[in-house]
Number of protein chains: 2
Amino acid sequence: MNVMTAARSPLAPDAPPRPGLRERKKIKTREAIRGATYALVGEQGYDSTTIEQIAERAEVSPSTVFRYFPTKEDIVITDEYDEPLLAELAARPADEPWTDSVRYVIRKAVRLAMTEQPEITELRARLMLEVPAVRARMRETLTGIGRTLADAIAGRTGLDPDGLEVRVHAMSLIGGLLEATMYWAEHGHREDYADLADRAIDVIEHGLPAAKS
Amino acid sequence: MNVMTAARSPLAPDAPPRPGLRERKKIKTREAIRGATYALVGEQGYDSTTIEQIAERAEVSPSTVFRYFPTKEDIVITDEYDEPLLAELAARPADEPWTDSVRYVIRKAVRLAMTEQPEITELRARLMLEVPAVRARMRETLTGIGRTLADAIAGRTGLDPDGLEVRVHAMSLIGGLLEATMYWAEHGHREDYADLADRAIDVIEHGLPAAKS
DNA sequence: GCATGAAATGAGAGTAACTCTCAAAAGATG
DNA sequence: CATCTTTTGAGAGTTACTCTCATTTCATGC
């Protein structure tokens, strides 16, 4: 579940200077809240699950829930993977075509998510499809990722990251990938999401394929 | 072409059977609510404007406001132009490249909006930029338009409207156009929005331009 | 260990956007 | 004008979220 598998090293003196009890507790409550939410949403659905119920099952007060997550949707959407993955995108070799970098990172993300917590990944996609508020929040965070993407594109192509063209291109890719996600959820997660994402990127890169006959 | 050109015919028994007092009143309330909202938002900002204030200034009850608009954001976003414009898109000649159709309709929409009610158009774009909830709602409605667009694309190209490629392409165009709108608002509406939209469509059609040297 | 300071928590009150219900008012219709 | 239908207003209820303040819980120097 956790990104850092090397957390247990007993004699690593400098790099991770040990968490400290406070930090550890915070991580635990965070996970308790998320866990409670996923469980309740699975049982009753998203809308019927109230913050109060979540707080109760996570054994914290409602106030605390809002201290950890700004909105109810964030509890469901947030993810520990996002940041390291974005870092990885930035760290890809500069001469690699950036669409390939995106493909690489997406494949990695999908592999990670679908092996570590497949149910939650699918539940999340389903919520995105069915609950407008969740969908909206997801789009908003994706927009943020789009800005990072625009920077990456600009860095690789030498174009202005704040220029209209780069921004439009980045956001169109985001829009396309999100649609691929919806498609995936709509079809019951039957196809490999990484493949769908690949096809989506193809469309962005090369336009629509020719119609059959 | 225009929806209401034949409205005044005194002896047309079937097609438009005359508005009726009830309908006229409904339109008036609708406009009263919208007008009150725009005024109040202009004075105090979006977040500080409550439904109660809107209701009071529009001289209706809060209940009525919610009967006319499902959410507060919808009051600001909704528009009488959307439907006829979409109809016009569908009515464009079938042999016209569909991107040209989109360009045409957008140009027309911009011309209409910027001559009939420029302040409101700019206010709306600014709200979209500044108020997350408005932005979210706008994206949601644009997604709906994206579906219509996907149908149009499929009709012109012979591809499957429910296939991944067409859907991704349509949504990427939507995403790109929305980013162009944000760009427009961010830059103080100084550039011609129709031109920005054109450039955005260019990016979707042909990809990024080459970097200068 | 223990005192002191800082951070996290819980409790409670408050706001505002919605939702639902039901009775009164107003337009349509014969 | 009487009746039927649609629209409206009033009011109560829900829930996500905000703010404040007192209490608890951890960290730190002695």
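What you see is a predicted model, and the numbers here were worked out from it, not measured in a lab. Every chain is numbered from 1, with letters handed out A, B, ... down the list of sequences.
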### Message
When you measure only distances, ignoring hydrogens and angles, does the side chain of A:R67 come within 3.5 Å of the base of C:dG10 through a donor and an acceptor?
### Response
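Result: at least one qualifying N/O pair found.
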### Query
Got a donor-acceptor pair under 3.5 Å from the side chain of A:S61 to the base of C:dA11?
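Result: no qualifying N/O pair found.
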Find the distance [X]:[atom1] to [N]:[atom2] and express it as a whole number of Å.
{"X": "B:E59", "N": "D:dT8", "atom1": "CD", "atom2": "P", "answer": "14 Å"}
{"X": "B:R137", "N": "C:dC18", "atom1": "CZ", "atom2": "C1'", "answer": "13 Å"}
{"X": "A:I33", "N": "C:dA8", "atom1": "CD1", "atom2": "P", "answer": "13 Å"}
{"X": "A:K26", "N": "C:dA7", "atom1": "NZ", "atom2": "P", "answer": "10 Å"}
{"X": "B:Q53", "N": "C:dA17", "atom1": "CD", "atom2": "C1'", "answer": "13 Å"}
{"X": "A:I54", "N": "D:dT15", "atom1": "CD1", "atom2": "P", "answer": "12 Å"}
{"X": "A:I27", "N": "C:dA8", "atom1": "CD1", "atom2": "P", "answer": "13 Å"}
{"X": "A:D74", "N": "D:dC17", "atom1": "CG", "atom2": "P", "answer": "9 Å"}

Below 4.0 Å: OP1/OP2 of [N] and any side-chain N or O of [X]:
{"X": "A:Y68", "N": "C:dA8", "result": "no"}
{"X": "A:T64", "N": "C:dG10", "result": "yes"}
{"X": "B:K25", "N": "D:dT7", "result": "no"}
{"X": "B:K72", "N": "C:dA16", "result": "no"}

Starting the side chain at C-beta, find the nucleotide from [options] nearest to [X].
{"X": "A:E73", "options": "C:dC18, D:dG9, D:dC17", "result": "D:dC17"}
{"X": "A:F66", "options": "D:dT18, C:dA26, C:dT9", "result": "D:dT18"}
{"X": "B:T50", "options": "C:dA17, D:dA16, C:dC18", "result": "C:dA17"}
{"X": "A:R22", "options": "D:dG9, D:dT6, C:dA6", "result": "C:dA6"}

### Query
Distance under 6.0 Å and angle within 45° of the ring axis: does A:R92 meet both against A:Y104?
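That pair qualifies as a cation-pi contact.
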### Message
Heavy-atom nearest nucleotide on DNA chain D for A:P70 versus B:E23: which residue maps closer to 5'?
### Response
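Nearer the 5' end of the strand: B:E23.
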### Task
Before accepting this row, confirm whether a basic side-chain N of the pair A:D192/A:R199 lies closer than 4.0 Å to the acidic partner's carboxylate O.
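A salt bridge is absent here (no side-chain N lies under 4.0 Å from a carboxylate O).
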### Message
Whether A:D162 and A:R147 form a salt bridge (side-chain N of Lys/Arg under 4.0 Å from carboxylate O of Asp/Glu) is what I want to check.
### Response
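Looking at A:R147 and A:D162, the cut-off is not met.
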### Query
Under 4.0 angstrom, heavy atoms only, what part of the nucleic acid is A:T49 near: base, sugar-phosphate, or nothing?
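Contact class for A:T49: sugar-phosphate only.
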### Query
Closest nucleotide of DNA chain C for B:E52 versus for A:T29: which of these residues is on the 5' side?
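Residue closer to the 5' terminus by nearest nucleotide: A:T29.
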### Task
Select from A:P62 and B:I51 the residue whose nearest nucleotide in DNA chain C is closer to the 5' end of that strand.
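Closer to the 5' end of DNA chain C: A:P62.
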### Task
Determine whether the side chains of B:T143 and A:R139 contain a donor N or O and an acceptor N or O closer than 3.5 Å.
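A donor-acceptor contact under 3.5 Å links the two side chains.
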### Query
So, A:D74 and A:T71: side-chain donor and acceptor under 3.5 Å apart, yes or no?
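Yes, A:T71 and A:D74 have a side-chain donor paired with an acceptor closer than 3.5 Å.
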### B:S101 OG to B:R156 CZ distance, which is reported to the nearest 0.5 Å
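The OG atom of B:S101 sits 4.0 Å away from the CZ atom of B:R156.
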